[in-house]
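Here the structure is laid out as structure tokens; the discussion comes afterwards.
In the text below, chain A, chain B and the rest are named by the order of the sequence lines, each starting its count at 1.
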Amino acid sequence: MTQVLVFFERVQEQLTPAQAELLTHADALGEVVVVTGSLPAAGRSGTGQSSTGQPSAAALAVQGVAGVLTGAEPVAAPILPPDPALAELIAAAAGELDPDLILGTDTPDSVDALAAAAVRLQAGLITGATGVTASGAATKTVLAGSWHTTAQISGENAGPLIATLRPNTASQPVPAAKEPDVVELEVAASSAVQVLEESELASSGRPALAEASTVVAFGRGVEGDLSLVEELADELNAALGASRVATDAGWIDHSAQVGQTGVTVSPQLYLSVGISGAVQQKAGMQTSGTIVAINKDEDAPVFEIADLGVVGDLNEVLPQLIEEIRARKG
Amino acid sequence: MPGSLHIITLVKWVPDAQLERRIGADRRLERSEGILGELDEYPLEAALQIAENYDDAARVTALTMGPAGASAAVKKALQIGADDGVHLCDEALAGADIYATSTALAAAVNHLRVSGGAQQFVVLTGMASEDGESSAVPAQLAARLGVPALTQARGVVLNGEQLQVERVSGDRVQKVAAPLPAVVSVTDQANEPRYPNFRDMMKAKKKPVSALSLAELGLTAHGVESKVSLVEAEPRPERTAGELIHDDGTAGKQIADFLDKEGLL
Ligand SMILES: Cc1cc2nc3c(=O)[nH]c(=O)nc-3n(C[C@H](O)[C@H](O)[C@H](O)COP(=O)(O)OP(=O)(O)OC[C@H]3O[C@@H](n4cnc5c(N)ncnc54)[C@H](O)[C@@H]3O)c2cc1C
Ligand SMILES: Nc1ncnc2c1ncn2[C@@H]1O[C@H](COP(=O)(O)O)[C@@H](O)[C@H]1O
């Protein structure tokens, strides 16, 4: 049976949608063991009980997860990115299991830890894959989404294939199972990189951009007034995305940027509002299911890839659209 | 005095993303023409700023690995302001994957570290190469050099011998620090790259560029074998324009009809 080691950079009380999705991929491939440097404390959530200090794998009580490997003190002294000890932990876990595949979500922190682990394990690495097979092949779109490729580990002793998987590549529901056992390995957090300050990014209360099934994205055309796009996003339960011009202007945090140097999204529906559609913007959204674009310039490049293009002023089109959606829902 | 500093900044020669890019029948990216990757201008700018603000001697070396044409990327880096350039070029590196690339670049960095003779060094890279798009070379390079990786820097400063980087980790903004030496990958949020003027271009002509082969690094072709290779590549069917309508006062309703019909509401 194929042995799959899944790496999570953080495990909190609940899996992120991308983490749940990765477990769906992994479960379809073989027997799954999760490795992570951090686990929440048991007996905290909901029950009102005080924390016991024992790690809880309740979030990982998911079909297919046979066990959890973690570091020496996952609750009191978790190993968190960008600590290079994460790579050591992954390598130690691989030493225990001799996996055929090591998978992670396609976030910068997971890529870093898995890339460094690949050096230790002398293993091949593919980042940003859309699928993997048990025999060590991975599919991926490259060159800003314009080519489909399949890559394969090759050569003698090519070792496990290490891959990160993009979100929105598997259906998500993961049936619950009993809480897996946790085994602590002899790997501790290091002080190679010191975290001087840390603060949470302001939460928008909307779905996470990379994982959302609908994205409303806006650009210079909104001229700093987000009220209409926010209202539209609320009606559609969509994530808010933006062009670089909009994030550079400070209208929204940089983490909302879609494109080559921002987030790559592949939602079922991408609504582009007041965005011209430069190559760097297209690079992050052109694998979306359906693209609807509103722009007052009929020559805007975004129309070349839009399934429905509307030449018009967003300030006139959006209020009507919002009203129509409300009417249909109500 | 903090001691002399050698800043090695990585520049990759990549096909221009504004033009059509193709993977050939040999399943290799066509590289007949190229430019200095736009995303490698940000670490170069960071390198120049660190050097300018450094209290002791600081030198900026632009290092590339690539085919013959890649020396163009090094030359551009010299025009922008690097002090010297190094081009690692070897047949055996064609089609190198992340693993092979980081092996060769780590050997080149170690070579420069020894031959450069500076007391301290730091390696700066871009956040992603425009053709590989893996964002994994920096972490592998750091692992091979045995130094910390501070990746995806939105800002980087050298404070004495301590590098300080602002980055995003999951849903947090972090300020992290590590002592030299280290590898730092720099994003396009970090700075505004400068443009070379005529004077800079003239000056660049006199700056040294050296070539390196694998043998000079003590590596064999076997030592830089890729772990993964492309087995299939095909162009994604191009997205075609769908319907284009002009707002006649009912566009909002027409979008809603479209979404309804597509089952997207
Ligand atoms: C290295 C590098 C990396 C980059 N990375 C990214 C990236 O990741 N993501 C990204 O988005 N960009 C990126 N860019 C920038 C990119 O090249 C474009 O500059 C940017 O996407 C343009 O943003 P925009 O479409 O909002 O602005 P503009 O290009 O100015 O377009 C604004 C559009 O709004 C329309 N408009 C104006 N008013 C209205 C109105 N009332 N109603 C309807 N339409 C209206 C206009 O017709 C116009 O088409 C990058 C650039 C570089 C050099
Ligand atoms: N062949 C190369 N030559 C020089 N630098 C490179 C090369 N490949 C990768 N890099 C550096 O590593 C960064 C990340 O590349 P990648 O991991 O391919 O996305 C790039 O922005 C470059 O700075």
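- Remark: B:E33 CD is loosely packed, at most 12 non-hydrogen atoms of other residues, nucleotides or ligands lying under 6.0 Å away.
- For the pair B:Q189 (side chain) and A:D248 (backbone), a donor-acceptor distance under 3.5 Å is absent.
- Ion pairing of A:D109 with B:R172 is absent here, as no side-chain N (NZ or NE/NH1/NH2) approaches a carboxylate O to less than 4.0 Å.
- In this structure, the side chain of A:Q320 engages the main chain of B:G249 through a donor-acceptor pair within 3.5 Å.
- Contact count versus chain A (heavy atoms, under 4.5 Å) is highest, among B:E130, B:Q152, B:K253, B:E20, for B:K253.
- Closest non-hydrogen pair, B:R154 versus A:S255, comes out as NH2-N, 4.3 Å.
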Going through the distances and angles, do A:Q280 and B:E38 end up as a side chain to side chain contact (heavy atoms under 4.5 Å, CB included)?
CA-CA 11 Å; A:Q280 295 95 344; B:E38 225 163 32; 3.8 Å; yes
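- Neither the backbone nor the side chain of B:L163 comes within contact range of chain A; no heavy atom of the residue lies under 4.5 Å from a heavy atom of that chain.
- By the neighbour-count criterion of 12 heavy atoms within 6.0 Å, atom CD of B:Q162 is densely surrounded, having more than that number from other residues, nucleotides or ligands.
- With hydrogens and angles ignored, the 3.5 Å screen pairs a side-chain donor or acceptor of B:Q140 with a backbone N or O of A:A115.
- For B:R22, the parts lying under 4.5 angstrom from a heavy atom of chain A are both the backbone and the side chain.
- Counted within 6.0 Å of CD on A:Q268, heavy atoms from surrounding residues, nucleotides or ligands total 12 or fewer; the atom is thus considered open.
- Neither the backbone nor the side chain of B:L141 comes within contact range of chain A, judged by heavy atoms closer than 4.5 Å.
- Side-chain contact between B:Q164 and A:L196: present, with at least one pair of heavy atoms (C-beta onward) separated by less than 4.5 Å.
- More than 12 heavy atoms of other residues, nucleotides or ligands lie within 6.0 Å of CD in A:E198, so this atom counts as buried by the packing criterion.
- If you measure heavy-atom distances from A:A144 to chain B, the contacts under 4.5 Å come from both the backbone and the side chain.
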Please lay out, stage by stage, how A:R328 and B:D257 fare under the test salt bridge (charged side-chain N to carboxylate O under 4.0 Å, His left out).
CA-CA 10 Å; A:R328 278 162 220 239; B:D257 287 342; 2.8 Å; yes
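- If you tally non-hydrogen atom pairs under 4.5 Å between each of B:A100, B:A136, B:P235 and chain A, the highest count goes to B:P235.
- If you measure heavy-atom distances from A:L114 to chain B, you find no contacts under 4.5 Å at all.
- For the atom pair CD1 of B:I23 and OG of A:S146, the computed distance is 7.5 Å after rounding to the nearest 0.5 Å.
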Could you go step by step and tell me if B:Q174 and A:E197 meet the side chain to side chain contact (heavy atoms under 4.5 Å, CB included) rule?
CA-CA 6 Å; B:Q174 309 180 315; A:E197 286 168 28; over 6 Å; no
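- Remark: B:I255 CD1 to A:I325 CD1 distance equals 8.5 Å, nearest 0.5 Å.
- B:R239 places a side-chain N or O within donor-acceptor distance of the main-chain N or O of A:Q286, the cut-off being under 3.5 Å.
- For A:Q257, the part lying under 4.5 angstrom from a heavy atom of chain B is the side chain only.
- A:A118 approaches B:Y99 most closely through the heavy-atom pair O-CE1, 3.7 Å.
- With a 4.5 angstrom heavy-atom cutoff, A:V292 touches chain B only via side-chain atoms.
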Could you walk me through whether A:T261 and B:M127 satisfy the side chain to side chain contact (heavy atoms under 4.5 Å, CB included) test, starting with their C-alpha distance in whole Å, then the side-chain angles of each, then the deciding distance to 0.1 Å, before giving a yes or no?
CA-CA 8 Å; A:T261 55; B:M127 64 188 285; 3.9 Å; yes
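- Distance check: B:S134 OG to A:L125 CG gives 7.0 Å after rounding to the nearest 0.5 Å.
- With a 4.5 Å cut-off on non-hydrogen atoms, A:V279 touches chain B through its side chain but not through its backbone.
- When atom types are taken as modelled, the side chain of B:E133 and the backbone of A:L143 share a donor-acceptor pair closer than 3.5 angstrom.
- Put simply, the side chain of B:K227 gets close to the backbone of A:Q122: a donor and an acceptor are under 3.5 Å apart.
- Heavy atoms closer than 4.5 Å to chain B are found nowhere in A:P84, neither backbone nor side chain.
- Smallest separation of non-hydrogen atoms from A:S154 and B:S226: OG-O, 4.3 Å.
- With a 4.5 Å cut-off on non-hydrogen atoms, A:N295 does not touch chain B at all.
- Contacts between A:E304 and chain B at a heavy-atom distance below 4.5 Å involve the backbone alone (N, CA, C, O).
- Looking at A:E235, neither its backbone nor its side chain comes within 4.5 Å of chain B, counting heavy atoms on both sides.
- Atom OG1 of A:T139 is separated from atom CD of B:E232 by 10.0 Å, given to the nearest 0.5 angstrom.
- For B:L265, the part lying under 4.5 angstrom from a heavy atom of chain A is the side chain only.
- Under 3.5 Å, the side chains of B:S169 and A:R10 contain a donor-acceptor pair of N or O atoms.
- Counting all heavy atoms, side chain and backbone alike, A:T149 lies closest to B:A233 at CG2-CB, 4.0 Å.
- Options B:A251, B:A143, B:S229 differ in how many heavy-atom pairs under 4.5 Å they form with chain A, and the most are formed by B:S229.
- Scanning all heavy atoms of the two residues, the minimum distance from B:D247 to A:G312 falls at CB-CA, 4.1 Å.
- The residue among B:A17, B:A149, B:A178, B:G170 with the most heavy atom pairs within less than 4.5 Å of chain A is B:G170.
- Looking at A:Q12, the atoms closer than 4.5 Å to chain B (heavy atoms on both sides) all sit in the side chain, from C-beta outward.
- If you take CZ on B:F258 and CG on A:L321, they are separated by 12.0 Å, rounding to the nearest 0.5 Å.
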For B:D260 and A:K329, what are the C-alpha separation, side-chain angles and deciding distance, and is it a salt bridge (charged side-chain N to carboxylate O under 4.0 Å, His left out)?
CA-CA 11 Å; B:D260 222 350; A:K329 283 203 301 198; over 6 Å; no
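- For B:P15, no part sits under 4.5 Å from any heavy atom of chain A, backbone or side chain.
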Hey, mind stepping through B:L39 and A:Q260 against side chain to side chain contact (heavy atoms under 4.5 Å, CB included) and telling me if it holds?
CA-CA 10 Å; B:L39 296 179; A:Q260 185 197 1; 3.7 Å; yes
For A:T287 and B:R236, what are the C-alpha separation, side-chain angles and deciding distance, and is it a side chain to side chain donor-acceptor pair (under 3.5 Å)?
CA-CA 10 Å; A:T287 60; B:R236 207 171 159 271; 5.3 Å; no
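- For A:K296, no part sits under 4.5 Å from any heavy atom of chain B, backbone or side chain.
- In this structure, B:L264 CG and A:L269 CG are separated by 5.0 Å, a value rounded to the nearest 0.5 Å.
- Neither the backbone nor the side chain of A:T107 comes within less than 4.5 Å of any heavy atom of chain B.
- Contacts between A:R120 and chain B at a heavy-atom distance below 4.5 Å are absent for every atom of the residue.
- By the 4.5 Å heavy-atom criterion applied to side chains, A:P82 and B:V176 are counted as neighbours.
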